[in-house]
Structures are given as C-alpha cells and as structure tokens.
Amino acid sequence: YIKVNIYYKESKGEKVITGYEIFTKEDNKDISDVKDISQLREKIGLYSLGTQTDELTLKSIGTPGFGMTDSESYTYIDYEFENNAGKTFEMRYKFNNGQSSNDLNLEIDKKYNVTFEVVEGTFDIEYNIKSIN
C-alpha cells in the first residue's frame, strides 16, 4: 500500500536517519504527515479502527470454520467483500448458537450493506461482521 524513502547520513561508520517520505503506491501521494495508524489507514483507503457500515459487493464465500476464545466457542465463515474503490477485504462472520451459515442466503456479486468492526488482531487488522443487510 505504501512506499517509504529514508534519507540518512553516515558518520564514523554509523548511519543516522535525517528524514523520510511516505507515499501511497497507488497514486504516489505524499502522506508523510500521518500521526497514527488510523490516519495512515484513512490515507491509503482502508477502514479505520472501530465500527463501520459500507455498501460492499460479495466476491467469495469461504468454508465454515470453528474457533475458540477463553470464554466461548463459535462457528464462522470468512467472506471476501469489495468496496466501491475496488479494494477487497476478508471479513469474518461469527454465527450465534444454533444459527446456520445457510440462514444468510448471500449471493456472489451482489451488493450488501455491511456493518463491521475493524480491530487490531494478534497478527494483523481483523474485520468482524456485525450485520449484513
């Protein structure tokens, strides 16, 4: 998503950073002024942390899976959605007790209003679906 130019000088065998520039790969826009991860995600066209709602096109449906936390076990399906800017996002929908993946009746290439939460996961940013209409 981004590229970075790092400028340094070398003195007595040590490299000291003197400046940097950060650009978006997509349009080469300078985004060196970002202050935190939320600003960076916004500048590169990704969703910020927190709850979002957007109209997304369903691109693929994964296979059902099973997960556990310290307090619960659950079933889930990962879906791949595309936003209006053409960026794709893998999002997880956790099913309530007794709810089946067939209950959603989703169709590939159809648009849906999706409410989801963007959170910092163990290894990366995670997208957890709250509702699909």
Side-chain angles (χ1 to χ4, degrees):
Y1 294 107
I2 62 172
K3 62 182 179 175
V4 178
N5 294 334
I6 298 176
Y7 304 100
Y8 65 92
K9 67 179 180 176
E10 194 165 343
S11 175
K12 298 179 186 176
E14 280 191 32
K15 294 179 182 176
V16 177
I17 296 174
T18 59
Y20 64 90
E21 296 173 317
I22 305 171
F23 299 92
T24 56
K25 281 186 176 181
E26 190 173 70
D27 59 8
N28 211 35
K29 180 179 173 186
D30 185 355
I31 57 170
S32 300
D33 62 341
V34 298
K35 302 285 186 236
D36 57 33
I37 191 168
S38 290
Q39 284 184 354
L40 176 61
R41 293 181 64 74
E42 184 179 314
K43 294 256 185 175
I44 61 178
L46 300 176
Y47 297 103
S48 299
L49 298 177
T51 302
Q52 318 279 327
T53 300
D54 200 356
E55 185 178 64
L56 305 172
T57 302
L58 181 61
K59 299 315 271 180
S60 69
I61 300 172
T63 57
F66 177 79
M68 291 183 70
T69 65
D70 291 340
S71 60
E72 69 174 335
S73 62
Y74 57 89
T75 57
Y76 67 86
I77 290 185
D78 290 329
Y79 296 93
E80 186 177 90
F81 285 97
E82 182 177 272
N83 68 7
N84 291 332
K87 294 192 186 314
T88 58
F89 301 89
E90 186 173 290
M91 299 183 172
R92 178 162 289 177
Y93 186 85
K94 294 179 183 177
F95 294 95
N96 298 325
N97 291 336
Q99 184 182 17
S100 164
S101 61
N102 296 334
D103 294 345
L104 297 180
N105 295 318
L106 302 180
E107 298 175 29
I108 302 292
D109 292 326
K110 186 173 178 184
K111 288 188 180 261
Y112 295 94
N113 282 317
V114 181
T115 299
F116 54 95
E117 183 178 29
V118 182
V119 297
E120 290 187 52
T122 305
F123 301 108
D124 202 357
I125 297 294
E126 296 176 358
Y127 299 86
N128 299 313
I129 298 170
K130 299 297 183 186
S131 65
I132 303 174
N133 297 312

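Owing to the predicted nature of the structure, the values given are computational and were not obtained by experimental measurement.
- Looking at Glu120 and Ile125, their side chains come closer than 4.5 Å, going by heavy atoms from C-beta outward.
- Annotation for Ile22 and Ser32: closest pair N-OG, 2.9 Å, computed over non-hydrogen atoms.
- Proximity of a side-chain donor or acceptor of Asn83 to a complementary backbone N or O of Ala85 within less than 3.5 Å is detected.
- Nearest heavy atom pair, residue Tyr93 against residue Lys130, reads CE1-O, 4.3 Å.
- For the residue pair Arg92 and Tyr74, the shortest heavy atom distance occurs at NH1-OH, 4.5 Å.
- Looking at every heavy atom in both residues, Asp33 comes nearest to Gln39 through O-OE1, 3.9 Å.
- Within the model, atoms NZ of Lys87 and CD of Glu82 stand 10.5 Å from one another, a figure rounded to the nearest 0.5 Å.
- Taking the six-membered ring for Trp and the full ring otherwise, the centers of Tyr47 and Phe89 sit less than 6.0 Å from each other.
- No more than 12 heavy atoms of other residues, nucleotides or ligands lie within 6.0 Å of CD in Glu14, so this atom counts as exposed by the packing criterion.
- Here the straight-line distance linking atom CD of Glu80 with atom CG of Leu58 works out to 9.0 Å at 0.5 Å rounding.
- Judged by distance alone, the side chain of Thr51 and the main-chain N or O of Glu117 form no donor-acceptor pair under 3.5 Å.
- Note that the CG atom of Leu40 and the CD1 atom of Ile31 stand 5.0 Å from one another [nearest 0.5 Å].
- Of the inter-residue distances, the one linking Asp78 atom CG with Met91 atom CE reads 11.0 Å to the nearest 0.5 angstrom.
- Shown here is Glu72, whose CD atom has more than 12 heavy atoms of other residues, nucleotides or ligands within 6.0 Å.
- A donor-acceptor pair under 3.5 Å is formed between the side chain of Thr24 and the backbone N or O of Lys29.
- Here the straight-line distance linking atom CG of Leu104 with atom CD1 of Ile132 works out to 5.5 Å at 0.5 Å rounding.
- In terms of modelled atom types and a separation under 3.5 Å, the side chain of Thr115 and the main chain of Ser131 share no donor-acceptor contact.
- Rounded to the nearest 0.5 angstrom, Asp54 CG and Phe116 CZ are separated by 6.0 Å.
- A donor-acceptor pair under 3.5 Å links the side-chain atoms of Tyr112 to the main chain of Glu107, judged by distance alone.
- Applying the 6.0 Å contact sphere to OH of Tyr8 captures no more than 12 heavy atoms from other residues, nucleotides or ligands.
- Summarising the local packing, CD1 of Ile17 is surrounded by 12 or fewer heavy atoms from other residues, nucleotides or ligands at distances under 6.0 Å.
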